[in-house]
K.L.:
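Dropping the structure in here first, questions after.
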Amino acid sequence: MIKVFPNFEELNLFAAEKFVEIANKAVEEKNRFTVALAGGSTPKSLYQMLSSGDFKNRIDWTRVFFFFGDERNVSPDSEESNFRMAKENLFTPLQIADENILRWQTEIENAEIIAVNYELTIWKFFDDNDESIVSIDDSDFPRFDLILLGLGADGHTASLFPFTDALNEKEKITNANVVEKLHTTRLTLTFPVINNARNVIFLVKGADKAETLQTILQGKFQPEKYPAQTVKLNDGDLFWLIERQAAQFLK
Ligand code: 6PG
């Protein structure tokens, strides 16, 4: 589903309602909701909305388990940290218990070890809680109830950047992805696990994304150049929630 909103406030309201709907359905079915959060700046106001007003009382947050779609290779208290942004705008206001937050352990120096540790963390959670795991081409992947994603102006999503190695990962669910242009290694979930989610919501705002978004949704399929084009769910619902400025070139 592609939905264009006249302003960011209305996009966030729709996203918050959808979050509540998906969360309560998961809690009703299996007494647990697994969500991988997006980083960057776009989701910040959604997290603030979910942790305030009437939304905060519409979910049993004790049954919500938070993961992260990606993370920067910085300490958890760094201003760059996606965990820190979620902690300030969601976890602290909602008083989320530590055991409900499963984050990349970026206090460890080595990015490869962080990625392996996170893969083990995710598998342990899904195995211990008998959460759904789906086999695709003889490989098993955890199935998140919801994965939130942003979109970079270069067509990246999570930390799956154009022409980087992580784009080709078909087995592992995490990757320490060397991003030359950022002179850094980013930590990211991989496409197999993203495409295995029950629901994925893209949150996109800003005129700077408009040209890339038009190519991603309506242009030639060039997944190396526009990694977000690779997000196609095996068996789930994909929502593109787009603010008007970012949608300006969509036909
Ligand atoms: C990150 C995000 C990244 C983000 C896009 C869009 O770690 O930065 O996961 O994929 O979603 O770069 O960022 P903005 O929301 O700041 O435009």
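Note that ligands are numbered from 1 as they come in the structure, with each ligand's atoms numbered from 1 the same way.
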K.L.:
Can you tell me which residue among Phe65, Phe144, Phe141 is in a ring-ring contact (aromatic ring centres under 6.0 Å, His included) with Phe126?
P.N.:
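So, applying the ring-ring contact (aromatic ring centres under 6.0 Å, His included) to Phe126 and each of Phe65, Phe144, Phe141, only Phe144 qualifies.
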K.L.:
In terms of atom number and element, which parts of ligand 1 are under 4.0 angstrom from non-hydrogen atoms of Gly150?
P.N.:
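Every atom of ligand 1 under 4.0 Å from some heavy atom of Gly150: 11 (O).
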K.L.:
Heavy-atom contact under 4.0 Å between Glu71 and ligand 1?
P.N.:
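No.
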K.L.:
For ligand 1, indicate whether the residue Leu203 contacts it via side chain, backbone, both or neither (heavy-atom separation under 4.0 Å).
P.N.:
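Answer for Leu203: neither.
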K.L.:
Measure Asp70 to ligand 1 on non-hydrogen atoms and call it side chain, backbone, both or neither using the 4.0 Å cut-off.
P.N.:
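It is the side chain that gets close, since no backbone atom is under 4.0 Å.
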K.L.:
Could you see which bit of His156 sits under 4.0 Å from ligand 1, with heavy atoms only: side chain, backbone, both or neither?
P.N.:
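Looking at His156 and ligand 1, just side chain atoms fall under 4.0 Å.
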K.L.:
Can you tell me if Ala38 has a non-hydrogen atom under 4.0 Å from ligand 1?
P.N.:
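For ligand 1, residue contact (heavy atoms, under 4.0 Å) with Ala38 is absent.
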K.L.:
At a 4.0 Å threshold, what atoms of ligand 1 neighbour a non-hydrogen atom of Asn82?
P.N.:
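Selected atoms, number and element: 1 (C), 7 (O).
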K.L.:
Just jot down the ligand 1 atoms closer than 4.0 angstrom to any heavy atom of Lys209, in number order.
P.N.:
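So the atoms of ligand 1 that pass are 6 (C), 14 (P), 17 (O).
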K.L.:
So, are Asp130 and Lys30 salt-bridged, with charged N and O less than 4.0 Å apart?
P.N.:
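Lys30 and Asp130: not salt-bridged.
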K.L.:
Could you list which atoms of ligand 1 come closer than 4.0 Å to a heavy atom of Gly40?
P.N.:
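Checking each atom against Gly40, I get 1 (C), 2 (C), 8 (O), 16 (O).
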K.L.:
Show which atoms of ligand 1 fall inside a sub-4.0 Å distance from at least one heavy-atom site of Arg72.
P.N.:
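Ligand 1 atoms under the 4.0 Å threshold to Arg72: 1 (C), 7 (O), 8 (O).
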